[in-house]
*Asks:* 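What follows is a structure written as C-alpha cells; I'll ask about it next.
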Amino acid sequence: MIDKPQILVDLQEKIKAHTAIIGVVGLGYVGLPFAVEKAKVGYQVLGIEQNPQRADRVNMADNYITDIKDEDLKEVVSSGKLKAVLGFERVTDMDVIVICVPTPLTKNLTPNLSYIESVTYAIAQQLRPGQLVTLESTTYPGTTDEVMRPVLEQISGLKQGKDFFLAHSPERVDPGNKRYTTKNTNKVVGASDPASLEVAMLFYQQTIDHVVPVNSAKAAELVKVFENTFRAVNIALVNELALLCDRIGLNVWEVLDAANTKPFGIMPFYPGPGVGGHCIPIDPHYLEWKAKEVNFNTHFIALAGEINRSMPIFVREKARRALNELGLAPAKSQVLVIGTAYKKDLGDWRESPAIMVINYLLEDKMTVTYHDPYVPEIEVAGKTFSSLPLIDETITSADLVIIATDHSQIDYVNLVAKAKSVLDTRGVTRHLDCNHDKVTLL
Ligand code: SAJ
C-alpha cells in the first residue's frame, strides 16, 4: 500500500512494538486462551466478560479453561497484563478489539446473532479512529460486512478502511487437543478492504505461527463454516453406516477399522451417540440458513443434521433391546451411563448427546445413574444428577451400562468384567481383552 494513512501506520507500530492495548470480548474457550497468548507476549489485554463470576475468576487467576496452563494465567494476571472487566467503558483505550462471543441457534435451527449484535452496538458507541475490530465467532458469510460494518459506521460516523479497520478471523480451537494450540494452529484472516486485511494480518502474526489471508471477510466466514460442515457430514456418513450395519447385521467398527487401513483417500470418523459441543451440531445450520436467502438448499447439511440428531434415539432403541435380552422391562431397569461430556477427556456437557440419551432413558422410566470423572453434576429433564464413584458396587447394581463418552481414564476391562451387560456407543472396548459376549457395540 503506497500512501498509508497515518492512523494505519500508527496502529501497525503499536502492534509491532506490543504496546497496543487489546480488548477481548468473551472469555470462553476461545477468548480466554487468546487473551492469555497476547498477554504472554507483553500486550496489555482487557477481557470484557458479561458473566461476573467468570470475570472474578480471571482476576483471581482461577483457571476454568482446561486448554490453558494455570501457571500461564497466574503469570499474566499477577503481572497486570491481563485484566477482566464487565462493561465496555474502556473500549476507547483499546487499539484492537477481538470478539469471541457465542453464536448459538434458535429452537428452529436459525442463527442467533444477539451476542454479536449487542457487542457490536456497544463497541460502536465508543469506536474511535485507528482501531481494529476483528470477529472470531463462527457465523454465516456476510455477518462481518452486512451486520457489523453498518452498525459500526452509522453509529460512529467513521468509515471502514479509512478511519477504523474490520476483519474476520475464525477461531480454530479443538477443545482438549494437546498438540494444536492457539499459537500453532494456522489462522485464516479475511477483510473487505486492503488496509483492514494488512493490519489484521500483522496483528495475528504477532502470536500465531502461520496466518492465511483471504480476500474478504465473507470468504473467511465461509472457510470456518465449511470446516465444521465437513466434520458434521462425515460424522453423519459413519452414523448412517452404523444404522445400516445394524439392519444388515454387520459390525460397523470392523468395517470402518478395515476401511481406514487404506493408506490414502480416506479419513477416520467414527459413529457415536450423537454430535455434541457448541460447533459441529450448530455451525453448519448458519450456512444452511444463509443459503436459503439465495434459494439454495444445502442438502448435505440438512441430511447430516437429521442423521446426527437421530443417534440418541438409536441408542435408546439399542438399550431397550439389550434389556429385553436380559428379560427386563425398561421401567424396571437400572442403567448406568459412563460419560456425559460431549466428547472424551473434557468436562463440557453442553449439547452433549449423552444428555439426550439420558433424557430418552428417563422417558422410558428407566432408573438412571451416571459416572463422569470430568462432570460432577448434570441437569436432565428438570432433575439434578451427581456423578457416582466408579466403584464395583456402582457397576454391579446396574442392569445395563451404557458407555456414552469414551474418557481415556476409565478402566473399561474392569467395567465389562463387573457389568451384567454393556452397550458401547463409542467402540472403545472393541480392541480390549475383555468378555465381548457381554458387550453390544453401536
Ligand atoms: N464425533 C463423532 N465422531 C467423530 C468425531 C466426532 O461422533 O468421528 C462427535 C464428538 O464426540 C462430539 C462431536 O462429534 O460430540 C464434535 O466433535 P469435534 O471434535 O469435531 O468437535 P469440537 O466442537 O470439540 O471441536 C471442533 C474442532 N474439532 C476438530 O477439528 C477435531 C473443530 O472442528 C473446530 O475448530 C471446533 O470444533 C470449533 O470451535 O468450531
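Just so you know, these numbers come straight off a predicted model, no measurement behind them. Just so you know, ligand 1 is whichever comes first in the structure, and atom 1 is the first atom listed for that ligand.
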*Asks:* With a 4.0 Å heavy-atom cut-off (strictly under), which part of His278 contacts ligand 1: side chain, backbone, both or neither?
*Replies:* neither
*Asks:* Which residue and atom name correspond to the protein heavy atom nearest atom 36 (C) of ligand 1, and how close is it?
*Replies:* Val173 O, 3.1 Å
*Asks:* Could you identify the single nearest non-hydrogen protein atom to atom 12 (C) of ligand 1 and state the distance to 0.1 Å?
*Replies:* Tyr342 O, 3.3 Å
*Asks:* For Gln206 and His18, does a side-chain donor sit closer than 3.5 Å to a side-chain acceptor?
*Replies:* yes
*Asks:* How far is atom 39 (O) of ligand 1 from its nearest protein heavy atom, and which residue and atom name does that atom have?
*Replies:*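 Checked against all protein heavy atoms, atom 39 (O) of ligand 1 sits closest to Glu171 OE2, 2.7 Å.
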*Asks:* Using only heavy-atom distances, determine whether the side chains of Thr106 and Asn112 contain a donor-acceptor pair under 3.5 Å.
*Replies:*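 No donor-acceptor contact under 3.5 Å links the two side chains.
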*Asks:* Please verify the inter-ring angle class for Tyr270 with Trp253; under 30° counts as parallel, over 60° as perpendicular, anything in between as tilted.
*Replies:*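 Rings of Tyr270 and Trp253: parallel, as their planes differ by under 30°.
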*Asks:* Heavy atoms only, cut-off 4.0 Å: how does Tyr29 contact ligand 1, side chain, backbone, both, or neither?
*Replies:*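 It is the side chain that gets close, since no backbone atom is under 4.0 Å.
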*Asks:* Considering heavy atoms of the protein only, find what lies nearest to atom 34 (C) of ligand 1 and give residue, atom and distance to 0.1 Å.
*Replies:*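 It is Lys224 NZ, 3.4 Å.
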*Asks:* Between ligand 1 and Glu351, can you find any atom pair, the residue atom being a heavy atom, that is separated by under 4.0 Å?
*Replies:*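 No, Glu351 has no heavy atoms under 4.0 Å from ligand 1.
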*Asks:* Would you tell me whether Glu171 and Tyr29 have side-chain atoms, one donor and one acceptor, within less than 3.5 Å of each other?
*Replies:* yes
*Asks:* Any chance the side chains of Asn184 and Asp209 put a donor and an acceptor closer than 3.5 Å?
*Replies:*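 Checked: Asn184/Asp209 side chains show no N/O donor-acceptor pair below 3.5 Å.
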*Asks:* With heavy atoms only and a cut-off of under 4.0 Å, state how Asn228 meets ligand 1: side chain, backbone, both or neither.
*Replies:*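 Looking at Asn228 and ligand 1, just side chain atoms fall under 4.0 Å.
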*Asks:* Identify the protein heavy atom lying closest to atom 27 (C) of ligand 1, giving its residue, its atom name and the separation to 0.1 Å.
*Replies:* Asp174 OD1, 3.7 Å
*Asks:* What do you reckon, does Gly272 have a nitrogen or oxygen under 3.5 Å from a nitrogen or oxygen of ligand 1?
*Replies:*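 No, Gly272 has no N/O under 3.5 Å of an N/O on ligand 1.
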*Asks:* Can you name the one residue among Thr369, Thr396, Val335, Ile338 that meets side-chain contact (heavy atoms from CB on, under 4.5 Å) with Val401?
*Replies:* Ile338
*Asks:* Mark up the atoms of ligand 1 that fall under 4.0 Å of a heavy atom belonging to Cys279, in ascending order.
*Replies:*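 Matching atoms, with element in brackets: 23 (O), 36 (C), 37 (O), 38 (C), 39 (O), 40 (O).
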*Asks:* Any nitrogen or oxygen of Thr138, side chain or backbone, less than 3.5 Å from one on ligand 1?
*Replies:* no
*Asks:* Hey, which of Val36, Val85, Ile65, Leu32 is the one that makes side-chain contact (heavy atoms from CB on, under 4.5 Å) with Val58?
*Replies:*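 Result for side-chain contact (heavy atoms from CB on, under 4.5 Å) with Val58: Leu32.
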*Asks:* Restricting to non-hydrogen atoms, name the atom on His168 and the atom on Leu135 that form the minimum distance, rounded to 0.1 Å.
*Replies:* ND1-O, 3.1 Å
*Asks:* Would you compute the distance between atom SG of Cys100 and atom CD1 of Ile48 and round it to the nearest 0.5 angstrom?
*Replies:*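 So the SG of Cys100 and the CD1 of Ile48 are separated by 11.0 Å.
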*Asks:* Which is closest to atom 14 (O) of ligand 1 by heavy-atom distance: Thr425, Asn308, Ile235?
*Replies:*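 It is Ile235 that holds the nearest heavy atom.
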*Asks:* Heavy-atom contacts under 4.0 Å between Glu227 and ligand 1: side chain, backbone, both, or neither?
*Replies:* neither
*Asks:* Starting from atom 18 (P) of ligand 1, find the nearest protein heavy-atom neighbour and note its residue, name and distance.
*Replies:* Arg231 NH2, 3.7 Å
*Asks:* Judging by distance only, is a nitrogen or oxygen of Gly276 under 3.5 angstrom from one on ligand 1?
*Replies:* yes
*Asks:* Output the list of atoms in ligand 1 that are nearer than 4.0 Å to some heavy atom of Arg426, sorted by atom number.
*Replies:* 7 (O), 11 (O)
*Asks:* Find all atoms of ligand 1 within a distance of less than 4.0 Å from any non-hydrogen atom belonging to Ile280, and give their numbers and elements.
*Replies:* 16 (C), 20 (O), 21 (O), 33 (O)
*Asks:* Using a strict 4.0 Å cut-off to heavy atoms of Phe269, name the atoms of ligand 1 that fall inside it.
*Replies:* 8 (O)
*Asks:* May I ask you to establish whether Lys218 and Tyr140 are in a cation-pi arrangement, using a distance under 6.0 Å from NZ or CZ to the six-membered ring centre and at most 45° from the ring axis?
*Replies:*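 Judged by the rule (NZ or CZ under 6.0 Å from the ring centre, within 45° of its axis), Lys218 is not positioned above Tyr140.
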*Asks:* Look at atom 8 (O) of ligand 1 and say which protein heavy atom is nearest, naming residue and atom and giving the distance to 0.1 Å.
*Replies:*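 The closest one turns out to be Tyr270 N, 2.9 Å.
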*Asks:* Between Ser387 and Asp372, is any side-chain donor less than 3.5 angstrom from a side-chain acceptor?
*Replies:*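 On atom types as modelled, these side chains do not qualify, holding no pair under 3.5 Å.
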*Asks:* Quick one: CG on Leu132 to CE on Met94, what's the gap to the nearest 0.5 Å?
*Replies:* 13.0 Å
*Asks:* With respect to atom 9 (C) of ligand 1, which of Ala242, Gly274, Pro271, Ala341 exhibits the smallest heavy-atom separation?
*Replies:*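 Considering heavy atoms of Ala242, Gly274, Pro271, Ala341, the nearest to atom 9 (C) of ligand 1 sits in Gly274.
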*Asks:* Please determine, by modelled atom types, if Lys344 and Thr405 share a side-chain donor-acceptor pair under 3.5 angstrom.
*Replies:*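 No - no donor-acceptor pair under 3.5 Å links their side chains.
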*Asks:* If I apply the N/O under 3.5 Å rule, does Arg172 come out as touching ligand 1?
*Replies:* no
*Asks:* Do me a favour and list the nearest non-hydrogen protein atom to atom 19 (O) of ligand 1 with residue, atom name and distance?
*Replies:* Lys343 NZ, 2.9 Å
*Asks:* Side chains of His278 and Asp283: any donor to acceptor distance under 3.5 Å?
*Replies:* no
